[in-house]
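When reading the values below, keep in mind they use all heavy atoms of this one structure, side chains included, and skip hydrogens, waters and symmetry mates. These numbers come from a predicted model, not from an experiment. Below, read A as the first sequence line, B as the second, and so on, with proteins coming before strands; counting in each chain starts at 1.
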4 protein chains.
Amino acid sequence: MSATGGPTARGPRGEAAIHAAVLDLLAAEGYAGLTIEGVARRSGVNKTTLYRWWPSKPALVAATFRHAVARDLPVPDTGTLRGDLVALVRSKTAFLGEGPGRLAADVLAHTGADPELARLAGEVLGQHSAHVAEVTGRARARGEVTGPVDDRLLADLLLGPIWLRAVVTHRPLSAADAEALVDALLPGLDG
Amino acid sequence: MSATGGPTARGPRGEAAIHAAVLDLLAAEGYAGLTIEGVARRSGVNKTTLYRWWPSKPALVAATFRHAVARDLPVPDTGTLRGDLVALVRSKTAFLGEGPGRLAADVLAHTGADPELARLAGEVLGQHSAHVAEVTGRARARGEVTGPVDDRLLADLLLGPIWLRAVVTHRPLSAADAEALVDALLPGLDG
Amino acid sequence: MSATGGPTARGPRGEAAIHAAVLDLLAAEGYAGLTIEGVARRSGVNKTTLYRWWPSKPALVAATFRHAVARDLPVPDTGTLRGDLVALVRSKTAFLGEGPGRLAADVLAHTGADPELARLAGEVLGQHSAHVAEVTGRARARGEVTGPVDDRLLADLLLGPIWLRAVVTHRPLSAADAEALVDALLPGLDG
Amino acid sequence: MSATGGPTARGPRGEAAIHAAVLDLLAAEGYAGLTIEGVARRSGVNKTTLYRWWPSKPALVAATFRHAVARDLPVPDTGTLRGDLVALVRSKTAFLGEGPGRLAADVLAHTGADPELARLAGEVLGQHSAHVAEVTGRARARGEVTGPVDDRLLADLLLGPIWLRAVVTHRPLSAADAEALVDALLPGLDG
DNA sequence: TATTAACCGAGACGGTACGTCTCGTCTTCAA
DNA sequence: TTGAAGACGAGACGTACCGTCTCGGTTAATA
C-alpha cells in the first residue's frame, strides 16, 4: 500500500530514521521504556514532527511495526499436515522469539492498554490464523483431512500456547515441544 | 499486643485500603495508568508509607494480587475427565474475564518489563498447572487415563487459547467453545 | 523582542510575577523558609519553568535581587566629608533595614552556604565600597583630605559595623550612632 | 552524678558524642546542611532522644556551641593599648577563621531565622564587648585613656571589619591589616 | 530487695519539598 | 506547507528529613 503504488510519500522526511530509532529503543529499553522524546533524540527529528504524524506512542509503534514486520513469511510446504503444522509452530515461535518479532511480543503485551495496539495485534494474529488455514487447506487438497475442521479453533489451539509462552511466561518452546503440541492436537483434527 | 500471638504485623497500617485502592485504580486506569501517588491519594495512606513497604509499583501490584486473588479456586469434580476439563476451562475463562482476574490479564501482560511481575505470573501459571494436574490425577484414579500425560503441555494448551481470547482478541469464549476446545484435545490425551 | 527593541527576551514568560513572589515569600518566611514550590504556587508559574531558568534556589534569589535591588542609590553631597560620611552610613543602614534591602540582610547571611549568594554579596558590598570611595574623592577635590587614604580600609571600617548589626545582632543603628561612628574614624582619616 | 559532683546529670547519655557529631557535620555540610537525622546517625543516638532533649535544630546547635566554644579566651596584656587592641583583633580573626569559630560564623549568620541563635549571638558578641572593655579598662588604669570611651561602639568598630572579611568577602585579614585597623581607630579613641 | 520512674532504641507514620523526567500543547521563525 | 527550535503547564518519579507517636526494654535511685 504505502509501497510501490501509493499516492504520495505519506510520512515525514526522516521516516526511515524514525522507525529505526523506534526499533532500536524498543530493543534497548522495552515498550514501557520507549519515549517519544527518546525517539526524537535518536532519530534527529523534532518532537513536534512526531506528534504531527502520529497522535501517540502506540500509534507510532504500530506504524513502525507495520513497516518493519509486515513482510509475509512464506508458509513452508513439507508435504504432510503434521510436518506443515510443526513447521508453522516453529516458525511462529521463532518470529516471536527473535528479531523484530521479539519486540512484537513486548508490544503485543500492551494490547489491553491501547486500541491501536489491539488492532495491530489483531492484524498479526489474523495473519497467523490465515497461515493455519492455508496449511489445513493444503491438507484437505491432499486428502489428509476430509471431515470439517474449525480453522479458527485450531488456530487458537496452536497459537494460544505459543503466544502465552512468548508474552507471559517467556519459556522457550523447543523443537520437541513443538512436535508434542502438534501431536496432542492431530488426533482431534479429523473427527 | 498488636497480634494475638500471630507471627508479626507485616504490613502498613492501612494495608486493606491500599490493596483496595490498587484494584480500583487498576480497573479504572489499567496497569500503565496506575501510579503510586494515585494509590496514596485514594487509599488515604501517605506516599512515603507505600515506598517504605514496597520498592516499586510492580512490587505493590504483585502484593495486592497475592492478597486479593490468591484464593484457591476449587476445582470442580464432575465425575468425568471431559466434564472436569470443561469446567476448568469455563472457570479460567470466567476468572480472566471478570473481577480481579480481568485485571490480572493486564498485569500479566507486563511480565517482560519486571521480574516481580514475572514471578507473580509464574505463581499464577503454576497454580493453573496444578489444577490441571489435579484433574488428570483424578481421571487416572478413575481409570479414564492410563498412559503418560504431560500436564504442563496440557495446561498450556488449555490456557493458551483462553488467554489469547481474553487478552488479545477479546472474543468471549462461549460454553460451546469450551466444549469444542476440550473435545479437540481429548483424543490426543490418552495414546 | 517583546520589549521595545531589547536584544533578546532572556527569561521566562512570567518573570516579573516570579520575582515579586520571591520578594513576597522572602518577607513572609525568610530565606530559609523560601521554597521553589512556594514560588511556583504564588507566581502561578510551573515549577518546571523555574528549574528551566535557574538551577537552584540561591540562583533564583540572586537573580531577583539583581533585578529588584540593583538600582544605584545616589550618594548625597552635603558639602563636607563628615556630612557625606554620616549620610552614607544612614543611607546604608536604611537600605539594609527596610524594603527589599532588609530582605537582603537575610539573604546575605547565607553567603557562606552558597557561592552564588557570595557573589551577590560581593557585588552589593563592592557597590557600597565604591560609594565610600566616591565620598573621599569628593573630599579630596575639596581639599578636606590631603594625605593618602586607604579607601578599602575605610570602607571596611564603615560598612563592617553596619553589616554586623544588620545581619547578626539586628540592633538598629540610630542617627546618633551614625555620627559617633563617623566621629570615631575621622581623626584617623588624614594622618 | 556521673559528673564529679555536679548537681544533676542534665543531658542524654551520649551527649559528648552528640556535640562532636554536630561539630563534625557543621564542618562538613554547613549549618543549612546539618540535619537532626544526620546527627542521630553519626552520634549513634536515636533521633527520638535528640528531640527529647532539644526542641529544634538551632537549640541543639546552640547547646553544642555553649559546650564547645564557650571557653573564655584570655585577653593578652601587652602593656599598651595599641598592642592590646592589635592582639585582640588578631585573636578574633583567628577565632572566626579557623576551628570551631569558623563554624560559628556560619551559625551566627542564621541569627535572623531563629531566636535561639539570636541569643547565642548575643552571648558571643557580649563576650567580645567584655574583652574590649577589659582592654580599655587596663588602658585607663595605665593612664593611656582619660576621656569617656564607648566600649560598645569600639567593639562594633573592631569586630565589624573582621566579621565582614571572614564571613562575607572571605579576604583574610593580615597582621599589617590588623595594625592599620587599630591605627585608624586610635586617634578617635581619646578625645 | 523490690519498685518505680526516667530514659532509651526501634521504627512507623503523615507531611512537605526536593530536583528530575516525560508528556502533549503551543508559538515563533525559516525554508 | 512543512519542519526545527524550544518554552510551557501538568504531574509522577523516588528520596530526604521533618516532627510525632507508640512500643518494649533497660537502668538507676529510692523505699
Task: D/T48 side chain, from C-beta outward: closest of E/dA10, E/dG15, F/dC18 - done: E/dA10

TODO: Would you indicate which nucleotide in F/dG9, F/dA5, E/dC18 comes nearest to any side-chain atom of C/T49?
DONE: F/dG9

Task: Interface with DNA chain E, restricted to residues 52-63 of chain C and to heavy atoms under 4.0 Å - done: none

Open item on the list: Give the residues of residues 32-43 of chain B touching DNA chain E, defined as any heavy atom closer than 4.0 Å, sorted by residue number.
Closed with: none

Spacing of [X] atom [atom1] relative to [N] atom [atom2], expressed in whole Å:
X     : N      : atom1 : atom2 : value
A/L50 : E/dT25 : CG    : P     : 13 Å
C/L25 : E/dT16 : CG    : C1'   : 15 Å
B/N46 : F/dC21 : CG    : C1'   : 15 Å
B/K47 : F/dC18 : NZ    : C1'   : 15 Å

From [X] atom [atom1] to [Y] atom [atom2], the distance as rounded to the nearest 0.5 Å:
X      : Y      : atom1 : atom2 : result
B/T48  : B/I36  : OG1   : CD1   : 11.5 Å
B/E37  : B/N46  : CD    : CG    : 10.0 Å
A/L25  : A/R42  : CG    : CZ    : 5.0 Å
B/R119 : B/E123 : CZ    : CD    : 6.0 Å
A/T64  : A/I18  : OG1   : CD1   : 8.5 Å
A/L103 : A/L26  : CG    : CG    : 5.0 Å

Task: Side-chain heavy-atom pair A/V61, A/E116 within 4.5 angstrom cut-off - done: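 When only atoms from C-beta onward are counted, A/E116 and A/V61 do not touch, as no gap falls below 4.5 Å.
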
Open item on the list: Is the ring pair B/Y31/B/H110 parallel, tilted or perpendicular, if the boundaries are 30 and 60 degrees?
Closed with: tilted

TODO: Provide the closest heavy-atom pair for A/A63 versus A/W54 in the form atom of the first, atom of the second, distance.
DONE: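 The answer is CB-NE1, 3.3 Å.
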
Task: 5'-most by nearest nucleotide on DNA chain F - D/R13 or C/P12 - done: C/P12

- [ ] Assign each of B/G14 and A/Y51 to its nearest nucleotide of DNA chain E by heavy atoms, then name whichever residue's nucleotide is nearer the 5' end.
- [x]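 Checking each residue's closest nucleotide, the 5'-ward one belongs to B/G14.
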
